[in-house]
Amino acid sequence: MKFNHLIQINDPLNPLIDSLTREELWQGLVLRAESPKLFMPHLDDCRLTDKSIGGVQRELRYGGLVVRDKVTYLPQIQVLYEVPSQGDINASRMSMTIEEPQPGQLFVRFEYDDGQPEVAGSEEAFYNEFRRSAYQEADIDTIRIIREIAAGGSGSVH
């Protein structure tokens, strides 16, 4: 399943939405990678390994399930998550890319690829619609949490 969607960050026509700078947005996306429990309450544990300016490798634990992934940073532009095939888990990718079509108009494009082909009309296609909806809701929550951290200054956005 391949899926992508765009979330608008700054809306100059809506004064009720606090604008984020590109730096605040970037720091929030990095924070999501390095402190995922702030964004995923169902995550039991996350251990970071091989952390560098270019990214981090992680070991995520959900109950008895352990998932290892690699997060790569393209500074101020993109955070790329790659899960290699492991056990019953297929290889997959997810990226969050900052887009700025005009100065100050920030968006984040979320792109997912679970490595599986789409099969129209199948039961899997039915479940993929639920997955898309869940991903979109989680991504909206990610931006909401980044806004809260940037506004409150609580928990540094590295």
Side-chain angles (χ1 to χ4, degrees), residues 1-43 45-60 62 67-84 89-116 118 125 127-158:
M1 174 185 81
K2 293 183 181 191
F3 164 65
N4 82 79
H5 67 100
L6 200 61
I7 295 180
Q8 185 173 11
I9 305 304
N10 296 337
D11 183 356
L13 301 177
N14 186 348
L16 300 177
I17 296 177
D18 290 332
S19 290
L20 292 176
T21 65
R22 187 181 198 104
E23 179 63 26
E24 288 171 326
L25 180 57
W26 173 251
Q27 289 176 359
L29 296 178
V30 170
L31 185 66
R32 184 189 182 280
E34 296 182 3
S35 299
K37 289 180 74 171
L38 293 172
F39 297 85
M40 298 183 291
H42 55 281
L43 177 65
D45 190 38
C46 175
R47 193 168 64 85
L48 304 180
T49 61
D50 297 328
K51 184 177 172 184
S52 72
I53 194 162
V56 65
Q57 292 195 28
R58 309 181 310 169
E59 192 173 275
L60 308 164
Y62 305 87
V67 178
R68 289 170 186 79
D69 69 1
K70 177 182 176 184
V71 184
T72 305
Y73 305 138
L74 185 55
Q76 301 292 321
I77 298 171
Q78 184 182 72
V79 177
L80 172 64
Y81 295 79
E82 296 176 284
V83 178
I89 300 170
N90 293 320
S92 62
R93 296 167 55 105
M94 190 271 276
S95 65
M96 296 178 281
T97 306
I98 298 173
E99 297 182 6
E100 190 172 6
Q102 294 180 10
Q105 286 192 349
L106 296 173
F107 295 81
V108 176
R109 180 171 305 278
F110 293 84
E111 295 184 80
Y112 295 87
D113 182 353
D114 70 0
Q116 302 300 307
E118 291 271 348
Y127 287 114
N128 282 344
E129 283 306 311
F130 286 109
R131 288 184 190 104
R132 286 182 182 98
S133 178
Y135 289 158
Q136 199 159 354
E137 288 302 315
D139 297 338
I140 289 168
D141 275 351
T142 289
I143 298 304
R144 178 186 55 79
I145 293 165
I146 290 171
R147 283 186 188 286
E148 288 173 2
I149 291 170
S154 63
S156 70
V157 181
H158 304 294

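Residues C46 and L48 are in side-chain contact: their nearest non-hydrogen atoms beyond the backbone lie under 4.5 Å apart. Counting only heavy atoms from C-beta outward, the side chains of L80 and L74 never approach each other to under 4.5 Å. Put simply, the side chain of V56 reaches to within 4.5 Å of the side chain of R58, judged on heavy atoms. Annotation: side chain of N128 is in contact with side chain of R132 (closest heavy-atom distance under 4.5 Å).
Side-chain contact check for Y135 and N4: no donor-acceptor pair (N or O, by modelled atom type) lies under 3.5 Å. When only modelled atom types and interatomic distance are considered, R32 and Y81 share a side-chain donor-acceptor pair under 3.5 Å. Checking Q8 against Q105 by side-chain atom types alone, no donor-acceptor pair falls below 3.5 Å.
Between the side chain of S35 and the main chain of L38, no donor-acceptor pair closer than 3.5 Å is present. Without hydrogens or angle criteria, S133 side chain to E129 main chain gives no donor-acceptor distance under 3.5 Å. A side-chain donor-acceptor contact under 3.5 Å links R147 to the backbone of D18.
The two residues Y73 and S52 come nearest to each other via the heavy atoms CE1-O, 4.3 Å. Considering all non-hydrogen atoms of both residues, A33 and P36 come closest at O-CD, 3.7 Å.
Considering only residues two or more places apart in sequence or on other chains, R93 meets the salt bridge (charged side-chain N to carboxylate O under 4.0 Å, His left out) condition with E82. Under the side-chain hydrogen bond (donor to acceptor under 3.5 Å, both in side chains) criterion, E111 pairs with no residue, sequence neighbours left out.
Paired with R109 under the rule side-chain contact (heavy atoms from CB on, under 4.5 Å), one option of M96, H5, E99 passes, and it is E99. Exactly one of V108, T72, T97 qualifies for a side-chain contact (heavy atoms from CB on, under 4.5 Å) with Q78. That residue is T97.
Interatomic distance, F110 CZ to Q136 CD, rounded to the nearest 0.5 Å: 10.0 Å. N10 contributes atom CG, which lies 8.0 Å from atom CG of L25 (distance to the nearest 0.5 angstrom). Atoms CG and CD1, from L20 and I149 in turn, are 11.0 Å apart once rounded to the nearest 0.5 Å. The CD1 atom of I145 sits 9.5 Å away from the CG atom of L31 when rounded to the nearest 0.5 Å. Atoms CZ and CH2, on R22 and W26 in that order, are 9.5 Å from each other to the nearest 0.5 Å. Here the CD-CG distance, from E24 to L29, works out to 12.0 Å after rounding to the nearest 0.5 Å.
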Begin from the C-alpha positions of Y112 and R131 and carry the test side-chain contact (heavy atoms from CB on, under 4.5 Å) through to its verdict.
CA-CA 10 Å; Y112 295 87; R131 288 184 190 104; over 6 Å; no
Assess whether side-chain contact (heavy atoms from CB on, under 4.5 Å) is satisfied between L60 and D69, documenting all intermediate values.
CA-CA 8 Å; L60 308 164; D69 69 1; 3.8 Å; yes
Full working for side-chain contact (heavy atoms from CB on, under 4.5 Å) between D114 and N90
CA-CA 7 Å; D114 70 0; N90 293 320; over 6 Å; no
Let me see the working for I143 and I9 under side-chain contact (heavy atoms from CB on, under 4.5 Å), right down to the final yes or no.
CA-CA 8 Å; I143 298 304; I9 305 304; 3.7 Å; yes
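Remark: E34 engages K51 in a salt bridge, criterion side-chain N to carboxylate O under 4.0 Å.
Atom OH of Y62 has more than 12 heavy atoms from other residues, nucleotides or ligands within 6.0 Å.
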